[in-house]
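Just below is one structure, and these are the notes that go with it.
A quick note: this is a predicted structure, and the numbers were derived from the prediction, not measured. Both backbone and side-chain heavy atoms feed into the values below; hydrogens, waters and symmetry mates do not. First the proteins, then the strands, lettered A, B, ... as listed; each starts at 1.
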Amino acid sequence: MEEKFWQEEEAEAAKNSPFLTRNASSNIAISQFSVAELAALKDKSAFGSSEKLKSRKLIDQLFNEGKSVSRNGFTLVYLFVPLATQFPIQAAFSVPKRNYKHATDRNRIKRLMREVWRKNKWPLYELLTQQQKQLAIMWVCKSKELPDYSIAEKTILHLLEKLKSKLA
RNA sequence: AGUUGCAAGUGCUCUAUCGCUUCGGGAAACCGGGGAGGAAAGUCCGGACAACAUAGAGCACCGCACCACCUAACGGGUGGGGAGGACACACAACGUUCUUACAGAUAGUGCCGCAGAAAAUAACCGCCUCGGCUUAGCCGUGGCAAGGGUGAAAACGUGCGGUAAGAGCGCACGCAUCGUUGUAGCAAUGCAGCGGUGGGGUAAACCUUGCGGGUUGAAAGCCAACGUACAUCAGCGCUUGAGGGCUGCUCGCCCGAUUGUUCGUUGAGGGGUGUGGCGUUUCAGGUACUGCGUGAGCAGUAUCGCAGAUAAAUGAUAGGGGUUCGCCUUGGCGAAAACAGAAUCCGGCUUAUAGCUUGCAACAUUUU
RNA sequence: GGUUCCGUAGUACAACGGAUAGUAUGAGGGUUUCCGGAGCCCUAGAUUCAGGUUCGAUUCCUGACGGGACCA
């Protein structure tokens, strides 16, 4: 009884751990979505945990090796790297403490960026799925003043266009 | 009724759509619950919890300091006492209200600029005695500490006696302080009597006395599985030959599991790094009622389950309803809504806080 | 999340609890020079804030505010 429980746990762990899957990729393989599979999900603009960039190691790698585009105090850092997910992109958001002293302001900006990303990520998803590439990205807000939603949306859309043109 | 300040309380709300996180159900799709604060903040105290350390005692270091109580504990709170300020009043007492790090300066040491004679066993001017010169006074000797002046602070206050002049030198009344007796009180302490003292201040200077304190903090700590490289040990195989012996040295020969090196392989096994889980949210828990207590609180009964993320959830859009402000005007339109975001958990303290409510104080106007 | 240190002119540093807070450099003005530099003379400028102890705080104590360092 107990043994069975442990086996299940192992399987669970294997599914969740990105490290494992990468090493044993030839066998278990979480392959990327095909274009058709992705299209089935399109009518929902969800942003689940498997679309979030969480691994400390990957983030360090991203900042060290990644390229970036920036405008208006927003910076987008990106890097092509194999991910342990079916989605083409894992994203994360960051606001440095230097410009915003209060945790409230930092939370506000992160939520704002996440909302804009959630609504505008689909064009990039489709492009990458066609190319069958995976991308890790990090949004950083370095501006001095607290941005409102419309400004953030404008700049982020602009950055996305820039990124698309580089990928194409 | 208004404005300002202080204190306490409160800290906008509902619906829909698209999302996030967690729990439950489900094979899945999905469905249904829960989802920031009074300060979540500062990290200033006190605990719980964990790891390590620990015979006992003392010293050092740090903290606290009127008394009693509350509390798991506290540097927190409650009540009481003393001291000080404000109001009122001719003044005091009583009263109201606010503040209070409030043990010891007679255990010792240090410090007290400038001014002043002197800043701690004081003598400049001054007062007085005696002697000399001389009769205004001056000089010397001794006594005194009333008056003057300096300063933040100058050796109890007033009156009478006393004296050459004076002085708690003596007496009366008063003040402060210490001891003691009585009395009220658990006590701090108050009141009354008797006796002693009247030699400044500073302990948020060193210090003394009493009491308390082991150290480090969830990045504490515990567990799991896997990959990678590695310290170590053991077995087997292969290779190498440090060292020792024979010798003056070299070559050569012998020993070589006692120690050590390299490679392969098998097993044991420790720490490091990345990952996941536990710790991790059920409590010194909230709410209501009853009883006890001046009160902080305590006890009993009933009832509720009320965040749990980990590059880190609690959001966005649209519409409505309250509140405040502005404009037109009695119904619309437009705008605004503070301080601020859980990170192991509790009890306090401190700080920030729009608008509204309540209380107190001050100010000005109106009415009587 | 925790631990710890520090706040003095624009800047870098001084100052037993005691007069009007000092030094260097920078700033402004003057002098010298044909002009500039160097030199010389002069001037302004500060104890992070709020309480408390003391006769008297940059210094001592308490609280706030701000800044830095360390712990994986």
Pairing string, 5' to 3', for RNA chain C - Watson-Crick or wobble contacts under 3.5 Å, brackets [ ] where pairs cross, | to another strand
(((((((..((((....[...)))).(((((.......)))))....(((((..]....)))))))))))).
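When the C1' atom is compared between B:G34 and B:U281, the two are found 14 Å apart, to the nearest whole Å. Remark: the separation of the C1' atoms in B:C69 and B:C98 is 25 Å, to the nearest Å. Atom P of B:G245 sits at a distance of 16 Å from the matching atom of B:C251, rounded to the whole Å. To the nearest whole angstrom, the two P atoms, one in B:G63 and one in B:A338, are 43 Å apart. When the P atom is used for both B:A146 and B:A154, the distance is 13 Å, rounded to whole Å. Comparing the C1' positions of B:A101 and B:G76 gives an interatomic distance of 15 Å, to the nearest angstrom. Rounded to whole Å, the separation between the P atoms of B:A92 and B:C87 comes to 12 Å. Nucleotides B:G166 and B:A115 have their P atoms positioned 34 Å apart, rounded to a whole Å.
Taking a pair to require two hydrogen-bonding distances under 3.5 Å in either a Watson-Crick or a G-U wobble arrangement, B:G260 remains unpaired. Nucleotide B:G162 has no partner under the Watson-Crick or G-U criteria, as no pair reaches both atom distances under 3.5 Å. For B:U366, there is no paired nucleotide, since no Watson-Crick or G-U wobble pair has both relevant distances below 3.5 Å. Nucleotide B:A187 has no partner under the Watson-Crick or G-U criteria, as no pair reaches both atom distances under 3.5 Å. Summarising the base pairing, B:G195 is matched to B:C178 through a Watson-Crick or G-U wobble pair whose two defining distances lie under 3.5 Å. Pairing of B:C349, defined by two Watson-Crick or G-U wobble distances under 3.5 Å, is identified with B:G42. Base pairing analysis places B:A343 opposite nothing; no Watson-Crick or G-U wobble pair with both distances below 3.5 Å involves it.
For residues 103-117 of chain A, every residue pair satisfying the side chain to side chain donor-acceptor pair (under 3.5 Å) rule, not counting sequence neighbours, is listed here: A:Glu115-A:Arg118. Pairs engaging residues 152-168 of chain A under the side chain to side chain donor-acceptor pair (under 3.5 Å) rule: A:Arg71-A:His158 [sequence neighbours left out].
Atom CG of A:Leu58 is separated from atom P of B:A311 by 12 Å (rounded to the nearest Å). Between A:Lys110 atom NZ and B:A316 atom C1' the separation is 17 Å, expressed in whole Å.
Scored by the side chain to side chain contact (heavy atoms under 4.5 Å, CB included) test, A:Lys67 finds A:Tyr78 as partners (sequence neighbours excluded).
Taking only side-chain atoms of A:Met138, from C-beta outward, the nucleotide of B:C20, B:A311, B:C18 with the closest atom is B:A311. Among the nucleotides B:A340, B:A311, B:G315, the one closest to any side-chain atom of A:Thr104 is B:A340. Among B:U21, B:G341, B:G19, the nucleotide with an atom closest to any side-chain atom of A:Ser49 is B:U21. Taking only side-chain atoms of A:Arg108, from C-beta outward, the nucleotide of B:A311, B:G315, B:G341 with the closest atom is B:G315.
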Taking only N/O atoms, report every protein-nucleotides 31-41 of chain B pair under 3.5 Å with atom names and distance.
from: B:A36; atom 1: N1; to: A:Arg111; atom 2: NH2; distance (Å): 3.4

Can you build the contact string for nucleotides 67-72 of chain C? Use B for base contact, S for sugar-phosphate-only contact, and - for no protein heavy atom under 4.0 Å.
------
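Taking side-chain N and O atoms only, A:Lys54 has a distance below 4.0 Å to OP1 or OP2 of B:U310.
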